[in-house]
Amino acid sequence: MNVAILISGRGSNMKNLVVASQSSNNNTQIVRVLSNRKGAPGIKIARDLGVVTETMENSTFENRNAFENRLTSVLEEAGAELICLAGFMHILGPDFVNHWHNRLINIHPSVLPAFKGLNTHQRVIEAGGRFSGCTVHFVRSGIDDGPIILQAITPVTTTDSVAALSERVLELEHQCYPLAVDWISKGLVSIVNERVVLEDASTHTNSLLTSPHWKHPVPGAAIK
Ligand code: GRF
């Protein structure tokens, strides 16, 4: 399966997907890594891993449609069958999302549908959330919306900082994204009534990933 990855910055999820694609027993080829931001560190990482890269800045296009139409042309020319958003800081319009219906996935650093949008870890901590995690999902027109493929969770402690929580969630992201792409490439994922159905029982068992911190008791004072 030909996969393209869209990034805007660091690119750690992208790197993980590329490395997974280059391992044995893997059905995917990364045909393009594209950034909408000039100087995104992930572009150099992708290039060093031997992937064809491209930078296409939104600001150089007349409007959103012009940018997204060009994006579709580039991705189609590259032969992409699945598009993975990995820290792509651009809200895609309905035409693009509909064009790539069920062929466009995203990773978000929260247990969706909770905490959509930006500054997730800060908001989880401020809300006193007991758990956080990540979600890989098909993309629909709403922000961080769409059928959930895979989630993983980690406890949130009362002393957690944004940096510590985001580091633990990122560890989970790095497990989940390649696994979700692997399931899709093996034809194990279908969507029925806007819900993901996984092909065999073992994928269901795997679909609750937990962090190494899982065994720690969740702190939180009992209410008397
Ligand atoms: C990740 O936390 C991802 O969930 C979110 O943006 C961040 C991108 O990080 N959508 P990286 O560029 O993959 O390191």
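Residue numbers count from 1 along this sequence. Keep in mind that what you see is a predicted model, and the values were worked out from it rather than measured. As the structure lists them, so they are numbered: ligands from 1, and atoms in each ligand from 1.
With contacts defined as side-chain heavy-atom distances shorter than 4.5 Å, the pair V52/V31 does not qualify.
Nearest protein heavy-atom neighbour of atom 8 (C) of ligand 1: G87 CA, 3.6 Å. Looking only at protein heavy atoms, the nearest one to atom 12 (O) of ligand 1 is G11 N, 2.8 Å. Looking from atom 10 (N) of ligand 1 to the surrounding protein, the closest heavy atom is I107 O, 3.0 Å. At the top of the distance list for atom 4 (O) of ligand 1, counting protein heavy atoms only, stands E173 OE1, 2.6 Å. Nearest protein neighbour of atom 11 (P) of ligand 1, counting heavy atoms only, is S12 N, 3.4 Å. Atom 9 (O) of ligand 1 has R10 NH2, 3.1 Å as its closest protein atom, hydrogens excluded (heavy atom only).
Within the 3.5 Å criterion, the main-chain N or O of E194 finds no donor-acceptor partner in the side chain of R140. Side chain of D182 to main chain of P178: no donor-acceptor pair is present (N/O by atom type, distance under 3.5 Å, no hydrogens or angles).
Counting heavy-atom neighbours within 6.0 Å of E167 CD, excluding the residue itself, gives a total of 12 or less.
By the 30° and 60° cut-offs, the orientation of the rings of F67 relative to F88 is parallel.
Test R64, R37, H90 against N58 for side chain to side chain donor-acceptor pair (under 3.5 Å) and you get one pass: H90.
No heavy atom of I7 sits closer than 4.0 Å to any atom of ligand 1.
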